Amino acid sequence: METEAYLGPEDAASHAAFRPRSHALFYGEGGHAYVYTAYGMHACFNAVANPAGQPGCVLVRALEPLLGLRAMARRRGIGAESARLATGPGNLCRALAITVADSGADLTAGRLVIAPPDRPRDFTIARGPRIGITRAADLPLRFWVADHRHVSRLPRPR
DNA sequence: AGGATGATGAAG
DNA sequence: TTCATCATCCTA
């Protein structure tokens, strides 16, 4: 499990700072999806995370598949046991069949839902710099479950 | 209309 | 490290 935070215009790496067409969603009510296309071919899934008027999104970069492994493996074209099934923002969207058509969707109801776990699980959250950005590359806004198998990359060496 | 730029992934 | 591949933004 792995996420990154993208803030408002003060965060130079955030689409809220340099991508006008994403502004409406960034500033919208939390609990909705913001899906964009990276490098022309990869969908990336964000959850809008703040009350309306306060820009902010959470990019979901990796997760641990618990259900539907067969379907994910089929969409990804790899084995269902692979740790990379939904690891990496583009891979995650392919595994879950998330496309830009899902942008704006309500994440509290419908096909895409973010819900609390059935049972609480014990884990430690590690923190470090975000991946693949050039601006504001020093901000430690990437969060992942420490020692977790389903993480896209280990922290950048210093 | 045309060029630059990526919140990537896969292969070598 | 290279490159496939294109939505979006910028310049003109």
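Protein chains get the first letters and strands the later ones, always in sequence-line order, with residue 1 at the start of each. All values reported here derive from a predicted model rather than from experimental measurement.
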Value rounded to 0.5 Å, distance of [atom1] in [X] from [atom2] in [Y]:
| X | Y | atom1 | atom2 | value |
| --- | --- | --- | --- | --- |
| A/I131 | A/I133 | CD1 | CD1 | 9.0 Å |
| A/R61 | A/W144 | CZ | CH2 | 10.5 Å |
| A/T3 | A/F45 | OG1 | CZ | 11.5 Å |
| A/E64 | A/R121 | CD | CZ | 4.5 Å |
| A/L92 | A/H42 | CG | NE2 | 13.0 Å |

Legend entry - Salt-bridge criterion met for A/R142 and A/E2 (N-O under 4.0 Å): yes
Inset, instruction - Is it possible for you to check whether A/R19 lies under 6.0 Å from the centre of the six-membered ring of A/F26, through NZ or CZ, and within 45° of that ring's axis? - result: no
Legend entry - Earlier contact from the 5' end, DNA chain C, for A/V100 and A/H42: A/H42
Inset, instruction - Assess whether atom CG of A/L67 is packed by more than 12 heavy atoms of other residues, nucleotides or ligands within 6.0 Å. - result: no
Inset, instruction - Determine whether more than 12 heavy atoms belonging to other residues, nucleotides or ligands lie under 6.0 Å from atom CZ of A/R76. - result: yes
Inset, instruction - Using a heavy-atom cut-off of under 4.0 Å over every strand shown, decide if A/N91 touches base, sugar-phosphate, or nothing. - result: sugar-phosphate
Inset, instruction - Under 4.0 Å between any heavy atoms, over every strand shown, what does A/I133 touch: base, sugar-phosphate, or nothing? Just pick one. - result: sugar-phosphate
Legend entry - For chain A, the stretch of DNA chain B it reaches, first to last nucleotide, under 4.0 Å of its heavy atoms: B/dG6 to B/dA10
Inset, instruction - State the dot-bracket string of DNA chain B. Criteria: Watson-Crick or G-U wobble, both atom distances under 3.5 angstrom; notation: ( ) intrastrand, [ ] crossing earlier pairs, | interstrand, . unpaired. - result: ||||||.||||.
Inset, instruction - Using heavy atoms to find the nearest nucleotide of DNA chain B for A/Y36 and A/R94 separately, return the residue whose nucleotide is more 5′. - result: A/Y36
Legend entry - Most 5' of A/R84 and A/E4 on DNA chain B, judged by nearest nucleotide: A/E4
Inset, instruction - Check DNA chain C against residues 8-35 of chain A and give the residues with a non-hydrogen atom under 4.0 Å, in numerical order. - result: A/R19, A/P20, A/R21
Inset, instruction - Not counting sequence neighbours, which residues clear side-chain hydrogen bond (donor to acceptor under 3.5 Å, both in side chains) with A/H15? List them please. - result: A/Y34
Inset, instruction - Just jot down the side-chain contact (heavy atoms from CB on, under 4.5 Å) partners of A/P51, sequence neighbours excluded, or say none. - result: A/Q54
Legend entry - Outermost nucleotides of DNA chain C that come under 4.0 Å of a non-hydrogen atom of chain A: C/dA4 to C/dC9
Inset, instruction - Kindly indicate whether the side chain of A/Y6, heavy atoms from C-beta on, has any atom under 4.5 Å from the side chain of A/D11. - result: yes
Inset, instruction - Report yes if the side chains of A/L141 and A/L7 come closer than 4.5 Å at any heavy-atom pair, otherwise no. - result: yes
